[in-house]
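Here the structure comes first, spelled out in structure tokens, and everything after it is commentary.
Note that the coordinates shown come from a computational prediction; the quantities given were computed from them, not determined experimentally.
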Amino acid sequence: MWLMFRHDMSEFAGQLPNPDGSFRSEWLQSALEDENWAAYLALVGDRPAGFAFVRALEQPTRVLNSFFIVRGARRGGYGMRFVKQVLAAHPGPWEIAFQERNVQGAKFWRRVAAEVAGDAWHEEVRPPLTGGTVPNVWVVIP
């Protein structure tokens with residue numbers, strides 16, 4: 001699913017694959033190996049439907065580093081239920097980045113923030129993450 005996620009995001013982040021056709025994968029490696037990260041798998045029944053990577057577990061503010069739901073499971077409420085489970089697993093402040101050009105993703109993350117924090121959240125525009133070319137909008141949930 002990592003390759004599907006990176007392929008989807010390449011449209012919005014302006015990134016191309018590596019010369020061998022792969023995409024950068026250091027976040028995947030960190031999520032699976034670093035004790036300050038957590039990886040979650042979304043299931044629909046017995047089928048994998050997505051994943052979430054959380055970083056900065058040792059910090060006061062967690063970061064939802066990567067979040068993906070396969071296209072066949074989108075718009076059915078699975079993503080919202082899944083992200084709420086991930087956020088609940090690590091109570092406290094959160095930061096979640098997205099690209100404004102990802103119109104559906106932007107709507108989703110603003111809806112997530114409103115559902116989990118009411119009016120007690122805000123947005124910040126920040127420079128792109130490592131290797132990116134497009135600024136990120138960050139949802140900040142206290």
Please check this pair: side chain of Asn102 against backbone of Gly105, looking for a donor-acceptor N/O pair closer than 3.5 Å.
yes

Suppose we screen for side chain to side chain contact (heavy atoms under 4.5 Å, CB included). Which residues come up paired with [X], at least two apart in sequence or across chains?
X      : value
Glu115 : Met80, Lys84, Arg111
His7   : Phe23
Asp119 : none
Arg71  : Asp8, Arg74

Are any of the side-chain heavy atoms of [X] and [Y] separated by less than 4.5 Å?
X      : Y      : value
Gln59  : Glu95  : no
Leu57  : Arg62  : yes
Asn136 : Val125 : no
Val63  : Val54  : no
Met4   : Val70  : yes

Listed pairs under 3.5 Å, donor-acceptor, residues 35-48 side chains, sequence neighbours left out:
unit_1	atom_1	unit_2	atom_2	d
Tyr40	OH	His90	NE2	2.5

Grab the two heavy atoms, one from Ile69 and one from Gly79, that are nearest each other, plus how far apart they are.
CG1-CA, 3.8 Å

What closest approach, in Å, do Val139 and Ala113 show between heavy atoms, and which atom pair accounts for it?
CG1-CB, 3.4 Å

Test of understanding: with ring-ring contact (aromatic ring centres under 6.0 Å, His included), list the residues that count as partners of Phe67, not counting sequence neighbours.
Phe82, Phe108, Trp109

Salt bridge Arg110-Glu100, side-chain N to carboxylate O under 4.0 Å
yes

Give the C-alpha distance, both sets of side-chain angles, the deciding distance and a yes or no for ring pair (Phe, Tyr, Trp, His ring centres under 6.0 Å) between Trp2 and Phe53.
CA-CA 11 Å; Trp2 178 254; Phe53 297 162; 5.7 Å; yes

